[in-house]
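The structure appears below as structure tokens.
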Amino acid sequence: MSVVVRFAPSPTGMLHVGGARTAIFNYFFARAHGGRFILRIEDTDTERSKQEYTDEILDSMRWLGLDWDAEPIYQTQRFDLYRSYVRKMLNAGTAYKCWATAAEIDEMRAKAQAEGKKPMYDRRFRDFEGPEPAGPYVVRFKAPLTGTTIVHDLIKGDVSFANEEIDDFVILRSNDAPTYNFTVVVDDVEMGISHVIRGDDHLNNTPKQIMLMNALGMKVPHYAHVPMILGSDKVKLSKRHGAVAVTNYREEGYLPEAMLNALVRLGWARGDQEIFSKADLAAEFKLEGCGSSPSVFDRTKLDHLNNHYIREKSLEELSDLLKLSYGVDLSVLLATPSSRKLFEALRERAVKLTDFASLASWYLDNNFVRDEASMKEIVATTPRDALDALAGKWAALATADFSGPKAFEAIKETANNLKLKIPQLAKPVRVLLTGTLASPDLGIVLEALGRDRALERLRRI
RNA sequence: GUUCCCAUCGUCUAGAGGCCUAGGACACCAGGUUUUCAUCCUGGUAACCGGGGUUCGAAUCCCCGUGGGAACGCCA
């Protein structure tokens, strides 16, 4: 059977972590099974849907490298199709018009709840006959009253719902717009979707959709409901957990590779493997690897992965990426073997791409800021003649001879001559040259800076 | 409230009845390397929600509790 899957975001907000994970599962399921991955924009809520959100979602998808196989389908352009199906059901008697007002429905729900049942519509117009009342109406599905609907879920197993639990839900609003549960059914079938892979929060909608498909005589696709992603407080991840939009992470300096890897491991595993490339996943992603319990999204793991993928990038790639996406120009570090060594050292410690700017600030800008506390506690307590002696030694070296080992050797000699321990001199030097105690290997720093800049900084107290 | 789902280290997870004195990763802690921080290396702390079954044997199967989550809309 040919595999066709879809990712169906509604453009009422940015692509968030949960949606991205669903998209990722769909995408790799399609790739691993030689199937198609289609995008469907569920914009039937014309009040809240915005083009800018659609643009943002597509942009995030591209950033993650999730390319789709056909032009996205917009539900608002298919209203005629949905309405034709509504008419079909009206004619077949599997749907009916309902004139109940909002107030009446609220009353019914309250009543049902008081009786210990789910809040439900009481089907008062289900068998209504005679002259149609004036005023607006909705179209409701004539849901089966008895029996059981079973969802054969590829992740959860068989889940059964008593049909009496499901009310005659609305399929066409009074403004003539079809509702979600209806458009999904029409589209999933019309688009030939073979596997519906979506969030667990839709599991309760699935029996409704299956019922509709049965009423329409349609073939039911396979379903797979992936567990929710939770915040650290264990409730469904949402805006109040802080950064949840994929774009936020991109702006913060995360790599798409890291995001992808982190997200795919949420609710999915393949033995003990932790690192997954796009190619790995496209080859071996299987629904069988999906777990069934929800998972907490952990930023520290993402940080670790991000550092991992930053280290895998070449200096050239990094430089381009930094300039293009973050406006940080480190191309000067590409120039010489010495500066490249420094760049490599920085790459090792950068957790986010945005870290590079501060990591390299002392190198890029001669007016870099020195840490005041370190200046006071370390530099100020260092004998001035030691620094002067060191300056003399450095000055005696030819510019071309100012290699890391030689420049550092000068520090050692000076320290020894003055009966200082090496760190006693190395630390203040580090602060003077880089402004902080946390910088790459001093040899690398010295060589990258070169004799004259190093000397100038050493003397500038 | 009702329905449905879920339950292994702090977190992500491996585990499909004996391979489990429960493995890996992140985080954390300690030691080593080092001129600092970090990296790197080595080691360590840390979990099968509880109770009943089934079985020679259960983290794994069943039941009941408990806890958590989701859904119940003319939102999607």
Side-chain angles (χ1 to χ4, degrees), chain A residues 8-13 42-45 47-49 75 98 100 102 105 109 112-121 136-140 151 153 155-157 159-162 164-167 169-181 183-184 199-208 225 227-228 230 232 234-236 262 265-275 288-289 291-305 307 311 345 348-349 374 378 408 411-412 415 421-431 434 436-443:
Chain A
S10 80
T12 54
E42 309 217 320
D43 53 354
T44 53
D45 184 352
E47 295 278 299
R48 297 194 301 147
S49 295
Q75 291 191 318
C98 166
I105 289 173
R109 293 212 178 95
Q113 198 147 7
E115 288 167 1
K117 287 192 256 181
K118 263 190 205 177
M120 283 171 95
Y121 166 70
Y137 64 88
V138 297
V139 176
R140 289 181 179 274
V151 179
D153 192 274
I155 293 172
K156 307 275 181 196
V159 182
S160 61
F161 295 84
E164 59 189 318
E165 289 293 331
I166 293 162
D167 71 357
F169 54 93
V170 173
I171 60 175
L172 189 73
R173 300 183 180 102
S174 53
N175 68 357
D176 215 25
T179 60
Y180 165 77
N181 276 123
T183 58
V184 166
D200 216 355
D201 46 344
H202 289 289
L203 184 56
N204 288 288
N205 284 321
T206 310
K208 296 184 183 180
H225 288 91
M228 300 278 86
L230 277 25
S232 47
K234 309 244 183 191
V235 304
K236 187 175 164 183
R265 283 288 286 104
L266 245 39
W268 182 84
R270 228 211 61 166
D272 285 339
Q273 190 174 347
E274 298 287 345
I275 301 295
E288 287 71 45
S292 48
S293 53
S295 34
V296 174
F297 180 62
D298 179 25
R299 168 116 29 167
T300 56
K301 195 111 174 185
L302 176 64
D303 282 345
H304 172 257
L305 286 167
N307 175 256
R311 286 163 176 242
E348 209 166 80
R349 41 213 311 146
S374 301
I378 297 169
F408 190 74
I411 294 177
K412 277 194 197 167
K421 286 184 176 160
I422 292 165
Q424 283 181 290
L425 185 54
K427 281 188 180 187
V429 169
R430 186 184 295 275
V431 173
T434 70
T436 164
L437 236 29
S439 72
D441 178 273
L442 247 191

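Here is the naming used below: chain letters follow the sequence lines, and residue numbers restart at 1 for every chain. Please read all numbers here as calculations on a predicted model, not as lab measurements.
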Whole angstrom value for the distance that separates [atom2] of [N] from [atom1] of [X]:
{"X": "A/Gln75", "N": "B/A76", "atom1": "CD", "atom2": "P", "value": "9 Å"}
{"X": "A/Lys234", "N": "B/G68", "atom1": "NZ", "atom2": "C1'", "value": "8 Å"}
{"X": "A/Asp153", "N": "B/A71", "atom1": "CG", "atom2": "P", "value": "16 Å"}
{"X": "A/Arg270", "N": "B/G15", "atom1": "CZ", "atom2": "P", "value": "11 Å"}

Quick one: label [X] by what it contacts on the DNA or RNA (base, sugar-phosphate, nothing), any heavy atom closer than 4.0 Å.
{"X": "A/Ser292", "value": "sugar-phosphate"}
{"X": "A/Val235", "value": "sugar-phosphate"}
{"X": "A/Glu165", "value": "sugar-phosphate"}
{"X": "A/Gln113", "value": "base"}
{"X": "A/Asp303", "value": "nothing"}
{"X": "A/Arg311", "value": "sugar-phosphate"}
{"X": "A/Lys236", "value": "sugar-phosphate"}
{"X": "A/Phe161", "value": "sugar-phosphate"}
{"X": "A/Leu266", "value": "sugar-phosphate"}
{"X": "A/Pro227", "value": "nothing"}
{"X": "A/Asp441", "value": "base"}
{"X": "A/Val159", "value": "sugar-phosphate"}
{"X": "A/Ser160", "value": "sugar-phosphate"}

Let me spell it out: for each of A/Ala262 and A/Pro294, pick the nucleotide of RNA chain B with the closest heavy atom. Which residue's pick is nearer the 5' end? A/Pro294
By nearest heavy atom, map A/Glu274 and A/Ala438 onto RNA chain B; which one lands nearer the 5' end? A/Glu274
So, under a plain 3.5 Å distance rule, would you say the side chain of [X] forms a donor-acceptor pair with the base of [N]?
{"X": "A/Lys301", "N": "B/A27", "answer": "no"}
{"X": "A/Arg265", "N": "B/U13", "answer": "no"}
{"X": "A/Asn205", "N": "B/A76", "answer": "yes"}

In terms of side-chain heavy atoms of [X], which of [options] is nearest?
{"X": "A/His202", "options": "B/A76, B/A7, B/C5", "value": "B/A76"}
{"X": "A/His304", "options": "B/C4, B/C6, B/A27", "value": "B/A27"}
{"X": "A/Pro119", "options": "B/G73, B/U3, B/U13", "value": "B/G73"}

With rounding to the closest Å, how many angstrom separate the [atom1] atoms on [N] and [M]?
{"N": "B/C9", "M": "B/G15", "atom1": "P", "result": "16 Å"}
{"N": "B/C20", "M": "B/A59", "atom1": "C1'", "result": "9 Å"}
{"N": "B/G32", "M": "B/G50", "atom1": "P", "result": "39 Å"}
{"N": "B/A38", "M": "B/U33", "atom1": "P", "result": "15 Å"}
{"N": "B/U11", "M": "B/G44", "atom1": "P", "result": "22 Å"}
{"N": "B/G51", "M": "B/U13", "atom1": "P", "result": "26 Å"}
{"N": "B/A47", "M": "B/A7", "atom1": "C1'", "result": "12 Å"}
{"N": "B/G65", "M": "B/C74", "atom1": "P", "result": "33 Å"}

Look at A/Asp167 together with A/Arg140 and state whether they make a salt bridge at an N to O cut-off of under 4.0 Å. no
Pairing nucleotide - [N], Watson-Crick or G-U, each distance under 3.5 Å:
{"N": "B/A58", "answer": "none"}
{"N": "B/A14", "answer": "none"}
{"N": "B/C4", "answer": "B/G69"}

Check whether more than 12 heavy atoms from other residues, nucleotides or ligands sit under 6.0 Å from atom CD of A/Glu47, and answer yes or no. no
Contact check, side chains of A/Ile411 and A/Leu442, non-hydrogen atoms, under 4.5 Å: yes
Please determine if a side-chain N or O atom of A/Ser439 lies less than 4.0 Å away from the OP1 or OP2 oxygen of B/A38. no
